[in-house]
Amino acid sequence: MSKENNDHFMPDDSFRDSIGTISEDGKRKWVYAKKPKGKLYDYRSYLSYFFLGLLFAGPWIRIGGEPFLLINVIDRKFSIFGEVFWPQDIHLFAMAMITGVVFVVLFTVVFGRLFCGWICPQTIFMELVFRKIEYWIEGDYKHQIKLSKQKWDAEKIRKKGLKHLVFFIISVGISNTFLAYVIGSEELLAIQMGNPLDHIVGLLLLLGFSGLFYGVFAHFREQVCIAVCPYGRLQGVMLDRNSVVVAYDYSRGEGRGKWGGKNEVRSEVGKGDCIDCRACVDVCPTGIDIRNGTQLECVNCTACIDACDDMMLKVGLEPRLIGYFSEANLADKQSFKITPRIMAYVAVLVVLVVVMGAFIFGRTDVETSILRTPGMMYLKHEDGRIKNLYNYKMVNKTNENFNFNFKLVDLEGEIEMVGQKMHVEDKGVAEGAMFVIIPKENLDGRKTKIEIEVYSGDRKIETVKTNFMGPG
Ligand code: SF4
Ligand code: SF4
């Protein structure tokens with residue numbers, strides 16, 4: 001490690017050639033992270049209680065009789081905040097996805113991996129649930145190291161056995177919750193309460209997902225963020241000099257040197273504020289040294305900020321040697337500024353949100369399509385009028401079932417249904433066929449644009465446009 005001057009910190013970049021959790025011979029280096037403590041850890045814990053409560057309660061919350069959140073890909077039914085969406089709303093999903101991606105990019109450009117440290121379910125479960133249980137059963141990192149080195153005696157079997165049992169039970173809980181979001185809480189209850197032989201597939205799914213979650217949190221752990229998560233891997237292209245990330249203030253901290261007592265004036269002996277205690281390294285759950293600069297492995301969990309603040313206060317130096325900084329803050333002493341890149345993303349985001357809002361507010365509870373039957377030409381009615389055969393399809397997104405009828409708008413003519421009952425069930429679909437009959441003199445030639453109103457009793461639900469073919 002070297003430092004030419006405060007403005008041009010030149011770390012030894014060789015650490016970038018390898019991942020901190022993989023040894024030179026390619027083996028996994030297990031991370032024994034010291035238990036974090038401090039204000040930011042407390043805030044993250046409080047936030048995690050809120051998100052965990054929401055996550056586990058989510059499948060059981062109903063808004064207007066509909067699930068708070070349901071992503072039932074099997075029955076193609078989706079509910080967000082109690083609002084039901086159908087496959088016909090796929091354009092809304094596409095818009096929501098695009099808006100979400102732009103938002104994530106914008107957020108990352110400005111705030112780096114803030115999401116990873118504070119909101120990501122992987123970090124919340126790993127750092128604020130499973131690791132807390134590990135500290136509770138096995139003790140802090142030094143006890144964990146000792147336990148892993150000791151032979152399989154009664155203490156080790158008891159502690160490891162209890163830890164993995166608790167891990168698996170929580171994984172089963174996560175798996176059940178995950179499945180409830182996919183198939184719905186009623187269906188999940190039916191699987192849990194019913195005869196296992198009637199729900200073999202559901203039970204196998206539960207077991208499979210439980211095993212997967214257990215494997216991730218008990219064994220794979222930080223590797224998800226380092227090696228699998230695409231968001232983490234995209235950081236390199238999204239971050240710039242103005243992005244705010246968890247960073248070490250090298251201009252203040254270098255050259256690092258051991259604490260020489262409270263009477264030592266560090267600047268006089270050529271030392272920076274970093275007392276090289278390695279507390280920031282010990283707490284890091286991804287096994288890196290933040291003093292090397294921004295790294296792919298850093299999930300911005302803030303544990304190193306808390307650890308360093310604690311050290312700084314103990315030795316009477318200013319806290320936030322590690323904190324939320326951008327490279328422009330550190331190298332150029334610039335405060336946060338809005339760059340053209342941020343403005344461009346915001347402009348795109350605003351347009352997307354406006355378009356999305358228009359789609360959502362323009363969305364109807366009942367959606368009807370009326371299309372001429374493919375391959376059918378116009379027909380002549382026995383009284384000489386012209387008739388066209390249509391197929392209609394009505395999707396009812398409401399919780400009410402109702403009878404409906406059609407009316408031709410502003411044109412002399414008639415609608416003749418082909419047999420079927422004009423009724424649609426709640427959240428159901430009605431399909432059928434009908435003739436539209438119009439006198440020839442009322443047509444505009446070969447193709448006439450017509451409008452058909454859809455009624456439930458006396459209430460007009462919507463107006464559908466279609467084409468009517470005539471002899472010309
Ligand atoms: S470097 Fe700091 S913020 Fe990044 S993962 Fe390690 S402890 Fe968390
Ligand atoms: S915790 Fe702070 S003082 Fe200690 S090594 Fe890390 S940066 Fe330096």
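Both counts, for ligands and for their atoms, begin at 1 and track the order of listing. The shown structure was predicted, so the numbers you read here are calculated from the model rather than taken from an experiment. Note: hydrogens, waters and symmetry copies are ignored here, and every other heavy atom, side chains too, is used.
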Asks: I'd like to check which ligand 2 atoms, numbered from 1 as shown, lie under 4.0 Å from a non-hydrogen atom of R278.
Replies: 4 (Fe), 5 (S)
Asks: Please write down residue, atom name and distance for the protein heavy atom closest to atom 5 (S) of ligand 1.
Replies: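 The closest heavy atom on the protein side is V299 N, 3.4 Å.
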Asks: Would you mind running through ligand 1 and noting each atom that sits below 4.0 Å from a heavy atom of N300?
Replies: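 Taking each heavy atom of N300 in turn, ligand 1 has 3 (S), 4 (Fe) under 4.0 Å.
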Asks: Report the member of C277, A307, C284 with the shortest heavy-atom distance to atom 4 (Fe) of ligand 2.
Replies: C277
Asks: Would R256 count as a contact residue for ligand 2, given that I'm defining contact as a non-hydrogen atom of the residue lying under 4.0 Å from a ligand atom?
Replies: no
Asks: Verify the distance test for C304 against atom 4 (Fe) of ligand 1: any N/O/S atom under 2.8 Å, yes or no.
Replies: no
Asks: Can you list the ligand 2 atoms lying under 4.0 Å from a non-hydrogen atom of C274?
Replies: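 So the atoms of ligand 2 that pass are 3 (S), 5 (S), 7 (S), 8 (Fe).
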Asks: So which protein heavy atom does atom 2 (Fe) of ligand 2 come closest to, and at what separation?
Replies: C308 SG, 2.3 Å
Asks: State which residue, out of I71, L69, I63, fulfils the side chain to side chain contact (heavy atoms under 4.5 Å, CB included) condition with I80.
Replies: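 It is L69, the one option of I71, L69, I63 that forms the side chain to side chain contact (heavy atoms under 4.5 Å, CB included) with I80.
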Asks: Can you tell me how the ring of H219 sits relative to the ring of H164, calling it parallel under 30°, perpendicular over 60° and tilted otherwise?
Replies: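 H219 vs H164 ring planes: parallel.
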Asks: Hey, are the side chains of W118 and R44 touching, using non-hydrogen atoms and a 4.5 Å cut-off?
Replies: yes
Asks: Checking K142 against D140 for the salt bridge (Lys or Arg N to Asp or Glu O under 4.0 Å) test, could you report, in this order, the C-alpha distance in whole Å, the side-chain angles of both residues, the deciding distance, and whether it holds?
Replies: CA-CA 6 Å; K142 286 192 177 153; D140 207 345; over 6 Å; no
Asks: Which is it for T286 and ligand 1 at heavy atoms under 4.0 Å: side chain, backbone, both or neither?
Replies: side chain
Asks: Please name the pair of heavy atoms, one in N401 and one in D426, separated by the smallest distance, quoted to 0.1 Å.
Replies: CB-N, 3.5 Å
Asks: Are any of the side-chain heavy atoms of F168 and S210 separated by less than 4.5 Å?
Replies: yes
Asks: Write down the atom of K156, the atom of S148, and the distance for their closest heavy-atom approach.
Replies: NZ-O, 3.0 Å
Asks: Can you tell me if M311 has a non-hydrogen atom under 4.0 Å from ligand 2?
Replies: no
Asks: E138 and salt bridge (Lys or Arg N to Asp or Glu O under 4.0 Å): which partner among R158, K159, K163?
Replies: K163
Asks: Just to be sure I read this right, does ligand 1 sit under 4.0 Å from the backbone of V283, its side chain, both, or neither, counting only heavy atoms?
Replies: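 Answer for V283: neither.
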Asks: In this structure, which one of D249, D309, D310, D306 forms a salt bridge (Lys or Arg N to Asp or Glu O under 4.0 Å) with R320?
Replies: D309
Asks: Could you tell me the residue and atom name of the protein heavy atom closest to atom 6 (Fe) of ligand 2, and the distance to it rounded to 0.1 Å?
Replies: C280 SG, 2.3 Å
Asks: Within a distance under 4.0 Å of any heavy atom of M312, pick out the atoms of ligand 2 and give their elements.
Replies: 3 (S)
Asks: What atoms of ligand 1 come closer than 4.0 angstrom to any heavy atom of I288?
Replies: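 Atoms satisfying the 4.0 Å criterion: 1 (S).
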Asks: Side chain, backbone, both or neither: which part of D276 has a heavy atom under 4.0 Å from ligand 2?
Replies: backbone
Asks: Among protein heavy atoms, which sits nearest to atom 3 (S) of ligand 2, and what does the distance come to when rounded to 0.1 Å?
Replies: I275 N, 3.4 Å
Asks: Is any side-chain heavy atom of T108 less than 4.5 Å from a side-chain heavy atom of V105?
Replies: no
Asks: Decide if the gap between the ring center of F167 and the ring center of F217 is smaller than 6.0 angstrom.
Replies: no
Asks: Which atoms from ligand 1 have a heavy atom of T302 less than 4.0 Å away?
Replies: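 So the answer, numbered in order with elements, is 3 (S), 8 (Fe).
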Asks: Counting N and O atoms only, with roles assigned by atom type, does the side chain of R266 sit under 3.5 Å from a partner on the main chain of G257, one being a donor and the other an acceptor?
Replies: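 Yes, R266 side chain to G257 backbone: donor-acceptor pair under 3.5 Å.
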Asks: Within ligand 2, which atoms have a heavy atom of R291 less than 4.0 Å away?
Replies: 5 (S), 7 (S)
Asks: Which residue supplies the protein heavy atom nearest to atom 8 (Fe) of ligand 1, what is that atom called, and how far is it?
Replies: C301 SG, 2.3 Å
